[in-house]
Amino acid sequence: MKPFTVHRGRVAPLDRVNVDTDQIIPKQFLKRIEKTGFGQFLFYDWRFGVDGKKNPDFVLHEPRYEGATVLVAGKNFGCGSSREHAVWALADFGFRAVISSSFADIFANNSTKNGFLAVLLTDDEVATVMKRAQDIDNYEVTVDLEKCEVRDNQGFFAKFPIDEFVRHCLLNGLDDIGLTLQHDAEIAEYEKHHPAPAALRV
Amino acid sequence: MTRTLFEKIWDAHLVASPPGRSPIVYIDLHLVHEVTSPQAFDGLRAAGREVRQPARTVATVDHNIPTEPRGTPITDLIAAKQISALQANCKEFGVRLFDMDSPDQGIVHVIGPELGVTQPGMTIVCGDSHTSTHGAFGALAFGIGTSEVEHVLATQCLAQRKPKTMKMDVRGKLADGVTAKDLALGIIGQIGTDGATGHVIEYAGTAVRALSMEGRMTLCNMSIEAGARAGMVAPDETTIAYVKGRRFAPTGADWDKAVACWRSLPSDEGAAFDKIVEIDAAQLCPFVTWGTNPGMVAPVTGRVPEIGAMEESDRRATELALQYMGLEPGEKIQDIGIDRVFIGSCTNSRIEDLRAAARVAKGHRVNSKVRAMVVPGSQTVKRAAEQEGLDRIFRDAGFEWRESGCSMCLGMNPDILQPGERCASTSNRNFEGRQGRGGGTLRIFGIGSLSKRENINRHASQTRDLWVAKNATRRAARPGPSAPNGWRLRMTNEGTI
C-alpha cells in the first residue's frame, strides 16, 4: 500500500450530504476485474450527460478545481454499497484524501487499505474548508497524518481523530494481511478447537 | 458479568488482541460473489497465498447475471468475463460454487440461510453491504470491501475495531398489513441513513419476536441503510425451527450441541448497550420512500415533504431529491405514477414475500403501460413458488416471471430503468441511478394491481392515475393508524435492558 504521511493539495468542494457509493462509482463500471482504471468513471452520472458529454457545471469540471487532490464533502460520505471500487475510483482520479464530518463504516475501512485518507472533521470545520474551497482560487490544504491535523495558509487549523493502528499502517504503507499472519500460530490454535465443517468441502 | 448477544459472539471469535492494534476476529463463514472478489483472488495469486479455509467459503453468481431463461447467452461480455473469473478462481482455490446452472443458485443472502450454512452464533462476512441480512439468525454478519475479502480468504480472520452496540426495542405489536420492511423504513426515516453508523443493532422486543425468519431477514438486511455495521436478532424457537433439517445444518449429536449453544446466545438481562432506541410498534404504518436515500420516508397515506422550515442542508438534499424524482413538494404519495414494478432483491424475494405479493396480485391486471417483474431470490424459492402456483398468478396478472438474481435492485444486469422512469420496488436502496440512470425508486413492499401515469415527463403532478399502493396491498390490509402523525422513537445513551 502507498504510504500516506503529509499531503498538500488543491481542494475541490462537493457540497452534498449522503454521497453514496452508487454515485461515486455507478454499478455499470463494477464489472471490471482489475483494481485500476476506475478514475475515468468517478461520479460518472454527475460528470457526464446521458449522451456521454462532459457536464461543464459539475464542480470537478470547473477549471479552477482541475488537479484537486483533496475532496471536501457533506456528512455520511460513502454510504451504501461496500464496493471498494469507490475508493479505487477516487484514488485513481487523483484524490489522496476526502474531508467530511462523518463517513460510512465500510467506506472508511476500505479507505485505510488503499493509502487513501478519510479525514474526519467537525461540521463547522468542514463548513469552513468547503466555503474557502468555493471562495478562494487555488485553495489548498495540508493533510498531515503525522500530526493528525489539517491546515491551510490562512489560519485554518484542525485536529482529526484516527485509530492509532490504522494511522501506523497508513504512515508505513503496511499490508495488514501480513500483520494478521504474524498471528498464524494463534489462528491455527483457534482452528484446532473450531474445525471447518466437512460438509462444505468441495 | 452480563453481556449482549453481540459481545458473546465477539468474545467467542477473538483470536488475538495485540496491544495497540485492532483485535483479530475469526470468521466462520465467508460468502463470495462475482463482483467484489476477482481482485481479491488476484491479490492471493500475486502474494502466493492460498484460501486458508475453502470449507468456510461459499460462492455464487448473483449480481450481474441476466434473469432471462438460463442458457440464454450472456451478451454483456464484461459481465461474462467476471462470471468466468469467479468460476476459474473457485476451481483453482477449491471453493464451492453454486453456479449459474446449479439448482441452489441464488442471491448470496438468500441461499446462505436456505441451505443452512447461515447459523446462529456465527461470524459471517461477504463483499456486500447487505450481509447484515444473516444477523436475523443471531449471527454477527457484516459487509466488507475487496481488500478485506482478500484478507479473509488468506487468513480466515479480520482485524476489526470493536463496534458499539445499539438496542432497538420494538414494543407492542405491528398492525395488520404493517411489515418488517415498514418497521425498517420507519426506523430509518427517523434516525436517518447514518443514525446507526459505527454500531451493531440488536432488534428486540415483542414485535421482533413475532416476526418470521423472513421478516427478521428483511429487517436485518435494512440495517446498513441506517448506517449500522450489522443488525441482529437473538435466536429463539423460530430460528431453531427454520434451521433444522436444512442441507448444511448440523445433525444428530452435533445438532443438539449446537442448539444448546444457540440458546445461550441471547443478551443477558441487564446487559448494557451504548444506545437504546424504543419504538412503539402500534405507531407504525405502511411506509414508502419517495426520494433518493432510504431515509426519505413517508407514510403511504402521506405526502412528499414541504420544503418550508427545513434546515439548510436538509432543504438542499430534499430539493435535489424532488428534482431527481420529478416530484413537487407536498405531493400526495398516492398520486405518484409509476412505470415499472420490481419484486425481488435480498430484502424481499423469499417465498413468504412472493406469497404476499401474489395474494395481492391475484385477480388484478398490471396496467398495459407498466412493466412488472418478479425475480425470485433463488432457484429454490422459484421452484417452491412454482409448486404453489404463484408463478401462474403473477403471469396471469401480467408480471414477468424471471430467473433468480440481484437483477433490478442494482441494475448490473440488463434489468434497468430508462431515464425518467419510476419504479415501485421491494428492494433496499433508492439512490440516484441505482436501478438505471435517471430512473427513480419508490420502495414499497407488496404490490398488486397497477396503474400508470399517462406520460413519462417527470412531472407526476400532471397525472392523476392511482398510485400502486392505493388500490392494492393497502386496501386489503389497512393498518390501524392512517398516518403516524408526529410519531417519534425515543433514543437514549448508555442504557440497559
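The model shown is predicted, which means the values in this text are computed figures rather than measured ones.
- For chain B, the nearby parts of A:Ala188 are the backbone and the side chain; heavy atoms of each come within less than 4.5 Å.
- A donor-acceptor distance shorter than 3.5 angstrom exists from the side chain of B:Gln39 to the backbone of A:Glu34, with no hydrogens or angles considered.
- For the pair B:Glu150 (side chain) and A:Ile177 (backbone), a donor-acceptor distance under 3.5 Å is absent.
- A side-chain N or O of A:Asn76 and one of B:Thr193 form a donor-acceptor pair less than 3.5 Å apart.
- Contacts of A:Pro26 with chain B are absent, with no heavy-atom separation under 4.5 Å from either backbone or side chain.
- Heavy atoms closer than 4.5 Å to chain A are found in both the backbone and the side chain of B:Ala154.
- Using a 4.5 Å cut-off between heavy atoms, A:Val166 touches chain B through its side chain atoms alone.
- Heavy atoms of B:Leu320 lying under 4.5 Å from chain A belong exclusively to its side chain.
- Between the side chains of B:Glu432 and A:Trp46, at least one donor N or O sits under 3.5 Å from an acceptor N or O.
- In this structure, chain B has no heavy atom under 4.5 Å from any part of A:Gln28.
- Residue contact with chain B, scored on non-hydrogen atoms closer than 4.5 Å, involves the backbone and the side chain of A:Val50 alike.
- Both the backbone and the side chain of B:Ala79 come within contact range of chain A, judged by heavy atoms closer than 4.5 Å.
- There is no contact between B:Asp254 and chain A, counting heavy-atom distances below 4.5 Å.
- For B:Glu34 and A:Lys31, the salt-bridge test fails: no basic side-chain N is under 4.0 Å from an acidic carboxylate O.
- Other residues, nucleotides and ligands contribute at most 12 non-hydrogen atoms within 6.0 Å of the CD atom of A:Glu66.
- With a 4.5 Å cut-off on non-hydrogen atoms, A:Asp45 touches chain B through its backbone and its side chain both.
- In the model, A:Glu84 has no side-chain atom that pairs as donor or acceptor with a side-chain atom of B:Thr36 under 3.5 Å.
- For chain A, the nearby part of B:Phe248 is the side chain; its heavy atoms alone come within less than 4.5 Å.
- Atom CG of B:Leu410 is separated from atom CG of A:Asp22 by 7.5 Å, given to the nearest 0.5 angstrom.
- Contact of A:Asp175 with chain B is made through the side chain alone, with heavy-atom distances under 4.5 Å.
- Counting heavy-atom pairs closer than 4.5 Å to chain A, the top-ranked of the candidates B:Ile24, B:Asp28, B:Val58 is B:Ile24.
- Atom OG of A:Ser81 sits about 6.5 Å away from atom CZ of B:Arg434, to the nearest 0.5 Å.
- Both the backbone and the side chain of B:Val35 have a heavy atom closer than 4.5 Å to some heavy atom of chain A.
- Rounding to the nearest 0.5 Å gives a distance of 14.0 Å between OG of B:Ser129 and CZ of A:Phe107.
- Chain B forms more heavy-atom pairs under 4.5 Å with one residue of A:Pro197, A:Cys79, A:Ala198 than with any other, namely A:Pro197.
- Counting heavy-atom pairs closer than 4.5 Å to chain B, the top residue among A:Asp184, A:Asp163, A:Asn110 is A:Asp163.
- Contact of A:Asn114 with chain B is made through the side chain alone, with heavy-atom distances under 4.5 Å.
- If you measure heavy-atom distances from B:Arg21 to chain A, the contacts under 4.5 Å come from both the backbone and the side chain.
- The choice from B:Ile144, B:Asp314, B:Asp42 that makes the most heavy-atom pairs within less than 4.5 Å of chain A is B:Ile144.
- Proximity to chain A is limited to the backbone of B:Val95, based on heavy atoms less than 4.5 angstrom apart.
- Comparing A:Gly80, A:Ala104, A:Gly74 by how many heavy-atom pairs each has under 4.5 Å with chain B, the most go to A:Gly80.
- Heavy atoms of B:Ala40 lying under 4.5 Å from chain A are absent altogether.
- Using a 4.5 Å cut-off between heavy atoms, A:Phe29 makes no contact with chain B at all.
- Contacts of B:Arg247 with chain A are absent, with no heavy-atom separation under 4.5 Å from either backbone or side chain.
- If you measure heavy-atom distances from B:Gln435 to chain A, the contacts under 4.5 Å come from the backbone alone.
- Put simply, of A:Arg32, A:Glu164, A:Arg83, the one with the most heavy-atom pairs under 4.5 Å next to chain B is A:Arg32.
- Residue A:Glu189: no heavy atom, backbone or side chain, is found under 4.5 Å from chain B.
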**Item:** A:Asp20 and B:Asn293: CA distance, side-chain angles, deciding distance, side-chain contact (heavy atoms from CB on, under 4.5 Å) verdict
**Value:** CA-CA 9 Å; A:Asp20 59 74; B:Asn293 79 48; 5.9 Å; no

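- Contacts of B:Arg229 with chain A are made by both backbone and side-chain atoms, with heavy-atom separations under 4.5 Å.
- With rounding to the nearest 0.5 angstrom, the CG atom of A:Leu200 is 11.5 Å from the CD atom of B:Gln53.
- Proximity to chain B (any heavy atom under 4.5 Å) is restricted, for A:His85, to the side chain, taken from C-beta onward.
- Distance CG/A:Leu30 to CD1/B:Ile78: 11.5 Å, rounded to 0.5 Å.
- Top candidate by heavy-atom pairs under 4.5 Å with chain A, chosen from B:His63, B:His13, B:Arg52, is B:Arg52.
- Considering only heavy-atom pairs separated by less than 4.5 Å from chain A, the leading option among B:Tyr26, B:Phe41, B:Phe142 is B:Tyr26.
- Both the backbone and the side chain of A:Asp176 have a heavy atom closer than 4.5 Å to some heavy atom of chain B.
- For chain B, the nearby part of A:Ser102 is the side chain; its heavy atoms alone come within less than 4.5 Å.
- For the 3.5 Å distance criterion, the side chains of B:Gln156 and A:Tyr190 fail to qualify, holding no donor opposite an acceptor.
- Only the side chain of B:Gln160 has a heavy atom closer than 4.5 Å to any heavy atom of chain A.
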